[in-house]
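Below is one structure, written out as structure tokens; comments come after it.
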Amino acid sequence: MPRAGLTTQRVIAEAAAVADEVGLDRLTLAAVAQRCGVSLPGLYKHVSGLEEVKRGISIAAIRELTARTAAEAAGVSGREALGAISAAYRQYAQTAPGRYAASVRAPTPGDQEYDEVTNQALAVISAALKGYHLEGTDLVHAIRMWRAACHGLASLEMAGGFGLPESVDATFERLIDALDREFRDSSAR
């Protein structure tokens, strides 16, 4: 009989907390079971395995990150919106490293729920970049550039990859300025 109060959603939430503590790559079902106060076999009454748990963390993380970026971009446009969504992205990576790592995982082809949350995320980013008047492939390239830049900075920062004494915050602002210039130039072409 499943433990009272334990649901698949709670298992995913507890697994996300473990992933934030130890890293997504070090997440184990044994650690999740311990955190949930059940035996490992008892955990299988709620999830089928580690891949289901990681998928659940991915979907939850994308939803969280999308909500944060949407909230930050509300009511602003252009460089201000770009800076706001970028700062929200960076802060999420810093404060929820395991969930953040799950958010960049590629979905299994045909996973409708995963497709829906990623489409919502793309809609928020597209709306935030609307002030640049980018469309079609230009918008796709802009979103990819933005994501690569933010992910690169966040990943290096989390790994301790910036050892020089200059401010990473200043580098971050320059990165956003460079993206802003590129996106304005792209829309003028």
Side-chain angles (χ1 to χ4, degrees), residues 2-74 83-108 111 113-125 128 143 146-163 167-169 171-172 175-176:
R3 181 171 179 215
L6 191 60
T7 63
T8 300
Q9 292 77 21
R10 180 158 169 250
V11 170
I12 300 296
E14 296 295 342
V18 173
D20 285 341
E21 293 167 5
V22 303
L24 185 67
D25 58 334
R26 297 182 66 201
L27 179 67
T28 65
L29 288 180
V32 175
Q34 182 179 17
R35 184 163 189 123
C36 292
V38 297
S39 67
L40 185 55
L43 193 67
Y44 282 103
K45 294 175 182 169
H46 303 283
V47 294
S48 62
L50 189 57
E51 282 310 306
E52 179 185 353
V53 169
K54 286 184 176 181
R55 175 192 173 274
I57 296 170
S58 297
I59 289 171
I62 293 167
R63 282 187 177 127
E64 290 172 357
L65 189 51
T66 300
R68 288 186 188 192
T69 55
E72 292 301 315
I85 65 172
S86 301
Y89 188 98
R90 180 181 178 205
Q91 196 246 357
Y92 188 79
Q94 292 169 340
T95 60
R99 287 177 284 166
Y100 171 73
S103 77
V104 299
R105 290 172 43 120
T108 303
D111 186 331
E113 184 180 15
Y114 208 116
D115 287 344
E116 288 173 12
V117 297
T118 56
N119 286 337
Q120 290 168 0
L122 286 171
V124 166
I125 303 309
I143 291 170
W146 170 79
R147 185 176 181 217
C150 289
H151 175 71
L153 186 129
S155 297
L156 287 167
E157 189 172 28
M158 289 186 310
F162 295 120
S167 166
V168 177
D169 291 338
T171 302
F172 176 74
L175 178 66
I176 302 311

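Note that the numbering runs from 1 along the sequence shown for the chain.
- With contacts defined as side-chain heavy-atom distances shorter than 4.5 Å, the pair T171/F162 does not qualify.
- For E113, the salt bridge (charged side-chain N to carboxylate O under 4.0 Å, His left out) test picks out R55, R63, with sequence neighbours left out.
- For Y114, there are no side-chain hydrogen bond (donor to acceptor under 3.5 Å, both in side chains) partners two or more places apart in sequence or in a different chain.
- Under the salt bridge (charged side-chain N to carboxylate O under 4.0 Å, His left out) criterion, R147 pairs with no residue, sequence neighbours left out.
- In this structure Y100 satisfies the side-chain hydrogen bond (donor to acceptor under 3.5 Å, both in side chains) test together with Y89, H151, sequence neighbours excluded.
- Listed by chain and number, the residues in a salt bridge (charged side-chain N to carboxylate O under 4.0 Å, His left out) with D169 are R90 (sequence neighbours excluded).
- Judged as a side chain to side chain contact (heavy atoms under 4.5 Å, CB included), and not counting sequence neighbours, the contacts of Q9 are T7.
- Applying the side-chain hydrogen bond (donor to acceptor under 3.5 Å, both in side chains) rule to R105 yields the partners E51; only residues at least two apart in sequence or on another chain are considered.
- Residues satisfying the side chain to side chain contact (heavy atoms under 4.5 Å, CB included) criterion with A121, sequence neighbours excluded, are I62, T66.
- Shown here are the salt bridge (charged side-chain N to carboxylate O under 4.0 Å, His left out) partners of E116, two or more places apart in sequence or in another chain: there are none.
- Contacts of I12 classified as side chain to side chain contact (heavy atoms under 4.5 Å, CB included), with partners at least two apart in sequence or in another chain: T8, V53, I57.
- In this view, S48 and E52 satisfy the side-chain hydrogen bond (donor to acceptor under 3.5 Å, both in side chains) rule, not counting sequence neighbours.
- Considering only residues two or more places apart in sequence or on other chains, A87 meets the side chain to side chain contact (heavy atoms under 4.5 Å, CB included) condition with F172.
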